[in-house]
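These notes are about the structure you will find just below.
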Amino acid sequence: MVLPIFLTLAAISILTALLMVLSKNPVHSVLYLILTFFAIAGQYILLNAQFLAVVHIIVYAGAIMVLFLFVLMLLNLSKETEPQKSAMWKLSGGIAAGMLLVTLVGALRGGIEVTIPENASGKVGLVENLGMVLFTDFVVPFEIAGILFLAAMVGAVLVGKRDLQV
Amino acid sequence: MQLTQRSKNVVKKEMTFLERIYLPAIAKGMWTTLKHFFRKSNTVSYPKEQREFAPVYRGWHVLKRDEQGRENCTACGLCAVACPAEAITMEAAERERGEEHLYREEKYAAVYEINMLRCIFCGLCEEACPKEAIFLTDRIVPSDYARQYFVFGKDMLVEGVEPDKRVDVTVRQKHITEKNTQPA
Amino acid sequence: MSLILLFSLGFIIEKAVLIIALFALTLGVAAYSTYGERKIAAFFQDRLGPSNAGPWGLLQPLADGVKMFTKEDFVPNQSERWLYILAPGAFIFVALMASAVIPWGTTLTLGGLNWNLQVTDVNIGILYVVGLASLGVYGIMLGGWASNNKFSLYGAIRASSQMISYELAMGLSIIAIVMLSGSLSLKTIVDQQAGMWNVVYQPLGFILFLTCALAECNRAPFDMAECETELIGGYHTEYSAMKLGFFLFAEYINMFISCTVISCLYFGGYHFPGLDPNWLGGLMGPIILLSKSFFFIFVFMWIRWTLPRFRYDQLMHLGWKSLIPLAIVNMMLTGAGILFFGK
């Protein structure tokens, strides 16, 4: 019973991700991306990682995408004002994307040994275990990530305060 | 410089801590509204219950008939002259033979119109009337959709002949006579 | 995997019946909230309120519903048609989903069967509610943007920034509760308040949460998204008929759910001193919880008809400069309290 659900969710996530890239209207892109996030959250739930799933929804779908949408709504989007990109730009974009693809394929080609933890008692993704792991084994990366966020925040404030004498 | 006694010096002073956290002010406001919550409402649900009219209320006019059912109005035009809003127009006609049961005197109003949109319900017409023909009553002029329907002709103004269709104006009549007999 | 294996026919039927009952309850409460709102507003203003449809106007919600259904369903010419139609549906869908994790009572014994009065006791219950609250803004944003109307767009933009700002303070005040109870499951949080309600330990947290709940529900004094005096209805300016009805309905559902969540987090959920939630075959629990949440609905309306609307910059100042620091202080105080006095 898990496999069909997984396949459906996977199909939905790939389809909506493609639609996100292909759709002309940026607002539609954002909406497709939200659907992608929901499909991924569904995958988390299949893995019984409810906490991750709901945090994924809150942070990505609930906050970041709202901000995206917020910014997009403020832009005056219409066919006339759409910037016409020159062939040069298109070419450089294509090369950049192609290089990313090559890197990804190269990295994945050898096949990453997927180890499904055998102790998966269905409790791995729950809050207690996750918190325990974060605050014991991975406390240093966790704190570093925190400092990174702090730095980003300070940077954002600096950028936001234009009249600040630097 | 103070120009008037009413001018008030507005001082924008720093708010104290209690004012800044808003909560006492909010509680005060909520207490005020709560007191209103338990207060009796002043509403009169109009079509179902009606307020009492003042005995001298001035509403929809009536053209009176006498006891034998004859119209009092002789189309003298004094009401139209008295009317400050110029709402009253009329056309006089002579009473024919055989119409004695309809009109009290030899002359009568063939057309009598009051434009209810112009009328200010001041009551000067009834004071001017020498024949006690026109009175204002406590009936409310009904609403309508178009202006032309507010020009009330005789069909809307003259009271019915049948006893149950008569409009009682005794209070009003008394009031007018008192007013007219008062030394100026 | 264990998640899937739990599904059996009886289980599905039980949950289906419970979900349908919950939907009926939520929609009924929302419908009568509209009546309550008008009646309470009238009483606060020394008026009578709706009184013609049925005794004391009790059939007013039905009359409103008939009106909504029979009105012209209008779609603006230049609108983004599909999103315009999708938005109210998304809004009410998200609003209705939240009731799934709320523990309405213990177990109800009905017809010889034991009904668990909580659709699902996920161990992240409160996060689920927060997540849905943050998704609720999409309906407003899509509706406002798709209408192709500047007032609607203003409403949508205000709604989104307001939601993001107040979610933070709300989350931080919830964290203090989670620290107290050591669980994210609403059922555990409620059961730990059998002795003493959380509001005793968390008075500041309660005020913060109440304020944020008002903001999240777009209720006055924070109804910036629709404020009829400056935005003539805001995000639902262009909506008519039942689409508008969906928006309004979903707002009342949101209010009901928030009031229930407040009762669960701070006021002991289905516990009340001197009353056992297992009385009346388990029916006492829902009765207690519903009375509490009706009380808070009344408080919400009371606030609405007392306080004037904030200005938009005041709203942002309050959110970022007062509520969030206060919520952090509250969190630290709670932590210190737990550290020094134990739980």
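Residue numbering restarts at 1 for every chain, and letters A, B, ... go by the order of the sequence lines. Just so you know, these numbers use all the heavy atoms, side chains as well, and skip hydrogens, waters and symmetry mates.
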Side chains of [X] and [Y] only: does a donor on one sit below 3.5 Å from an acceptor on the other?
{"X": "A:Ser13", "Y": "A:Thr36", "answer": "no"}
{"X": "C:Tyr312", "Y": "C:Ser161", "answer": "yes"}
{"X": "C:Ser165", "Y": "C:Trp320", "answer": "yes"}

Is [X] close to chain A through its backbone or its side chain, or both, or neither, when contacts mean heavy atoms under 4.5 Å?
{"X": "C:Leu127", "value": "both"}
{"X": "C:Leu132", "value": "neither"}
{"X": "C:Ile164", "value": "side chain"}

Test side chain to side chain contact (heavy atoms under 4.5 Å, CB included) applied to C:Phe91 and C:Val137, C:Ile253, C:Ile140, the passing residue: C:Ile140
Steps toward salt bridge (Lys or Arg N to Asp or Glu O under 4.0 Å) verdict (C:Arg158, C:Glu230): CA-CA 12 Å; C:Arg158 285 181 179 190; C:Glu230 37 188 307; 3.1 Å; yes
Engaged part of A:Leu67 at the chain C interface, taking heavy atoms whose separation is under 4.5 Å: both
For chain C, the option from A:Val59, A:Ile57, A:Leu31 that forms the most heavy-atom pairs under 4.5 Å: A:Leu31
